[in-house]
Protein chains: 2
Amino acid sequence: MTEFGIRASFLDFIDDPWRHVGRESEAARFHADGLLVVEDGRIIDFGAHDEVAARHAGLAVTTISDRLVLPGFIDGHVHFPQTRVIGAFGEHLLPWLEKWVFPEEIKFSDRAYAREAAGRFFDSLVASGTTTCQAFTTTASAATEELFDEAARRNMRLIAGLTGIDRLAPDGYSLSAENFYRDSKRLIERYHRQGRGLYAITPRNAHVCTPDTMAAAERLKREHPDCWVNTHLAETTGECEDMRELYPDSADYVAVYEKYGLVGPKFSGGHGVWLSDDEFDRLSAGGGAITFCPCSNLFLGSGLFRLGRATDPAHRVRLSFGSDVGGGNRLSMLNVLDEAYKVGMMNNGMLDDPAEAERNKLSAYRGFWSITLGGAEGLYIDDLVGNFAPGKEADFVVLDCNGGPQALRWRQSLIAQNGTPATLEQAADLLFGLMVAGDDRAIEQTWAMGRQVYLRPGST
Amino acid sequence: MTEFGIRASFLDFIDDPWRHVGRESEAARFHADGLLVVEDGRIIDFGAHDEVAARHAGLAVTTISDRLVLPGFIDGHVHFPQTRVIGAFGEHLLPWLEKWVFPEEIKFSDRAYAREAAGRFFDSLVASGTTTCQAFTTTASAATEELFDEAARRNMRLIAGLTGIDRLAPDGYSLSAENFYRDSKRLIERYHRQGRGLYAITPRNAHVCTPDTMAAAERLKREHPDCWVNTHLAETTGECEDMRELYPDSADYVAVYEKYGLVGPKFSGGHGVWLSDDEFDRLSAGGGAITFCPCSNLFLGSGLFRLGRATDPAHRVRLSFGSDVGGGNRLSMLNVLDEAYKVGMMNNGMLDDPAEAERNKLSAYRGFWSITLGGAEGLYIDDLVGNFAPGKEADFVVLDCNGGPQALRWRQSLIAQNGTPATLEQAADLLFGLMVAGDDRAIEQTWAMGRQVYLRPGST
């Protein structure tokens, strides 16, 4: 049994800020002088320092000054094998896949390459403050195995799965429905709920999977109902048009996933840019989630996600936010929040509904909730991570609120000295600065399961 | 007479890449092993090392390895007194001005505050690789003077001017037309063409200036035809609607500036998001320029600038690119290129004209041309800066092509080892990586007028 405490300023969330319009701070907790007590990687106590300390005599405490500690960030949609083709030039979704993405992903059938990539992938995640991700892999079992194995070595929480595709893929990359079923099954048995690994049945996208592969995904989910389901959904208009021809008996895009029994808790559809109101409503009712990937939606020119529609309390859809690297051009969830804010504001340039417009405004409360507790709810892992509730796993980031381009520091000094907030409102103002004018330089430390997995170069 | 050489890899532009569709590299020059010769702050020779070195026996040469040297970046539209309110939350243009911007700008009538701000402003510019900017100030002469004085101390090229406003401004901030004329006149005499300073007659915006102030601007331009004119233009739909009421005798927004004799060479209208085809055509014919500010247009939700329309060779409009800090949330022109790329791609999600869609794609050639030679042409200072042509001022940046988030390095290694390009195509691929997946960490050194004005911490 190893037990220790971290004394610092803490901010986390206990509720969805979109449920507290005009009083969003009610969804957050802030302790200017807080104490987090960790035992064997899990949080066992948390609160105001003096109160908590009184319950833990003799606790070994590390004090962190001039920093703000948040739960680790959650990236709900990222392509592990696209780490190296981040920021590829010039194409919309389908030609981009063909020209840049598939040639790189094919390399991941080479186990040595996949292993090197997995190391670099997690190195970049933790340098960005991301402690949990839901990741796509490739059609190669080796790629999927190396990702899970690297996560296990680092004791990082991971949702991932072999990524099926048997349409519009190059020779040698496609995976038959039969082999998708067989390989997924084997990987589920090997990795699901082993350590911090969770398996997601991952048909890449109904648009690039035949009905046979979709049926294989259905069978896998029926046989392993505890598994997650991760895929893409309504990313571009072109893809949505194709879907009508490919699945003529399904009324819309969501209906295809419904047909194969995949929509429900633990289902994530990446993007959801071009969903109808009716599809939003059915996702809401069924418990399926959307992953909002603003960097990617802007970088590939896919469209503006209707954030204010998805968060309508009458039909609230669960959301996680994703970097969607390599469609997204930055791995840092801070940059994802920057672009998410812009998507909301751009929506509002064209919108007359004041209530929806209000919901499109991504405050720091909404933003940081979305990449911590909200993301955990979107992925149905909020029993495990997302805030500092006792019982959860001790994943957290230590933020330097002055970390970013040179211009940031003077901006933050308008709010608080040394980037150290005295109140929740100051903390939120500093965090908004980090979202839109800071970057991964703000990540001083990243901790996973109670262990430091990243320390910013030059920090001590 | 001080003379020295820099031996390094160089990339600059000799023409507009939009004039070379499909063969953009023809607009660029690359020397893997080049030599730049500087005398008294000006470039006196440039080219392949061996050729140039033969002409300069005994030259003191500094060799810079594993870096790429470009002309200094040009920011065509930035608000000096908004440096500290960068990334302010939650409002579209007009309420944002009222809530965040004016209270900060008012502080700049305090000379000590303005002086401190000017130091911080240039510190941040050079750390971003920006060597020339066209800046707004405030209605206070002190703010304008401190900005010019600080630029002079650093020998940096600056276009700026007292920024007139006498509508929709808070008490104590408005400047009467008479005083705008009087103070501008005095400042023109003091600063225009003094050292590297150039004066821009700066009515903030026809929307926030009365016809009297516009008439004062007209008179100033008539009396000082060598001066620049800097203002805002068609940023938001709401503002454009108001303009019809304010200037009922002008057919459109550009017509207002035409009426007061301001549109022509050295005129910059910031934004131009909501211009009609006819307005684009008249700007093109008249020689007026638009400053494209994508960070700001997304951050404030103003709209998508029609880049492919502005660059139509049939009606080419001069452009510079601007950060528009504080409406823009990042001062780095690399980030401006990231968002400019996204604006182009988002336009193309809604556009059926293939030629215009092609022009919306911001390649590295187009991007880096736009913030160097293209920006200089947009601002009518291409006789002074913008590339390495002998006679121009020696403003340049030394780029570390691996500078940015951790994920960047592996991406760049797909193109070239150590971030050092061997060919122009490799250089362009690396630069695209910097645009969309790098940031100001790529700026290792910034030089102005042949003198190093910035060295990245930790570099030697």
Side-chain angles (χ1 to χ4, degrees), chain A residues 83-90 92 104 117 120-121 123-124 127-128 236-237 295 297-304 325-326 329-332 335 338-339 341-350 360-361 363-364 405-408 410-411 413-414 429 432-433 435-441 458, chain B residues 83-90 92 104 117 120-121 123-124 127-128 236-237 295 297-304 325-326 329-332 335 338-339 341-350 360-361 363-364 405-408 410-411 413-414 429 432-433 435-441 458:
Chain A
T83 314
R84 203 174 186 185
V85 287
I86 197 166
F89 171 67
H92 286 258
E104 176 68 13
R120 291 180 182 273
F121 176 68
D123 283 350
S124 290
S128 306
T236 70
T237 49
C295 290
N297 298 157
L298 295 174
F299 189 78
L300 299 176
S302 303
L304 297 172
V325 159
N329 61 317
R330 311 241 175 214
L331 202 58
S332 163
N335 287 121
D338 182 353
E339 302 301 60
Y341 179 78
K342 288 169 178 164
V343 165
M345 294 300 281
M346 287 296 286
N347 270 316
N348 287 351
M350 303 179 289
N360 269 320
K361 286 192 186 179
S363 64
Q406 174 144 355
L408 180 67
W410 202 40
R411 185 247 188 234
S413 75
L414 206 52
D429 284 347
F432 190 74
M435 277 170 58
V436 301
D439 55 38
D440 55 287
R441 281 169 277 193
Chain B
T83 314
R84 202 174 188 184
V85 288
I86 196 167
F89 172 67
H92 286 258
E104 176 67 15
R120 291 179 181 272
F121 177 69
D123 284 349
S124 291
S128 307
T236 69
T237 49
C295 290
N297 298 158
L298 294 175
F299 189 77
L300 298 177
S302 302
L304 297 172
V325 160
N329 61 315
R330 311 237 175 217
L331 203 58
S332 164
N335 286 121
D338 182 354
E339 302 301 61
Y341 179 79
K342 288 170 178 163
V343 167
M345 294 300 282
M346 287 296 287
N347 271 316
N348 287 351
M350 302 179 289
N360 269 319
K361 285 191 187 180
S363 65
Q406 174 144 356
L408 181 67
W410 202 40
R411 186 246 187 235
S413 74
L414 206 52
D429 284 347
F432 190 74
M435 277 171 58
V436 300
D439 55 40
D440 55 286
R441 279 169 278 192

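Order of the sequence lines sets the chain letters (A, B, ...), proteins ahead of strands, with each chain counted from 1. Any value given below was found using the heavy atoms of this structure, including those in side chains, with hydrogens, waters and symmetry copies removed.
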Under a 4.5 Å heavy-atom cutoff, which of [options] has the most pairs with chain A?
options                        : answer
B:V85, B:T237, B:N297, B:V436  : B:V436
B:S332, B:S413, B:A127, B:S128 : B:S413
B:I86, B:N347, B:L414          : B:L414
B:C295, B:S124, B:G349         : B:S124
B:G344, B:A364, B:G458, B:A117 : B:A117

Exam field: side chain [X] to backbone [Y], donor-acceptor pair closer than 3.5 Å:
X      : Y      : result
B:R330 : A:G438 : yes
A:R411 : B:G87  : yes
A:D440 : B:P405 : no

Roughly how far, to the nearest 0.5 Å, is the [atom2] atom of [Y] from the [atom1] atom of [X]?
X      : Y      : atom1 : atom2 : value
B:K342 : A:K342 : NZ    : NZ    : 7.5 Å
A:Q406 : B:R120 : CD    : CZ    : 9.0 Å
B:L300 : A:M345 : CG    : CE    : 6.5 Å
A:L408 : B:R84  : CG    : CZ    : 12.0 Å

Need one label for [X]: side chain, backbone, both or neither, based on atoms under 4.5 Å from any heavy atom in chain A.
X      : answer
B:A88  : backbone
B:L304 : both
B:M435 : backbone
B:D338 : side chain
B:S363 : both
B:T236 : neither

Check your understanding: Quick one: of A:N348, A:N329, A:L331, who has the most non-hydrogen atom pairs under 4.5 Å with chain B?
Key -> A:N329
Check your understanding: So which of A:G433, A:A407, A:G326, A:S302 has the largest heavy-atom pair count under 4.5 angstrom toward chain B?
Key -> A:A407
Check your understanding: Does the side chain of A:M346 come within less than 4.5 Å of B:M346's, by heavy atoms?
Key ->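 They are not in side-chain contact.
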Review point. Using the ring of each side chain (for Trp, its six-membered ring), is B:F432 parallel, tilted or perpendicular to A:F89, with breaks at 30° and 60°?
Key: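 If you compare the ring of B:F432 with that of A:F89, the planes turn out perpendicular.
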Point to revise | Any residue meeting salt bridge (charged side-chain N to carboxylate O under 4.0 Å, His left out) with B:D123, in chain and number order, not counting sequence neighbours | key: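 For B:D123 the salt bridge (charged side-chain N to carboxylate O under 4.0 Å, His left out) partners, ignoring immediate neighbours, are B:R154.
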Review point. By side-chain hydrogen bond (donor to acceptor under 3.5 Å, both in side chains), which residues pair with B:T83, not counting sequence neighbours?
Key: none
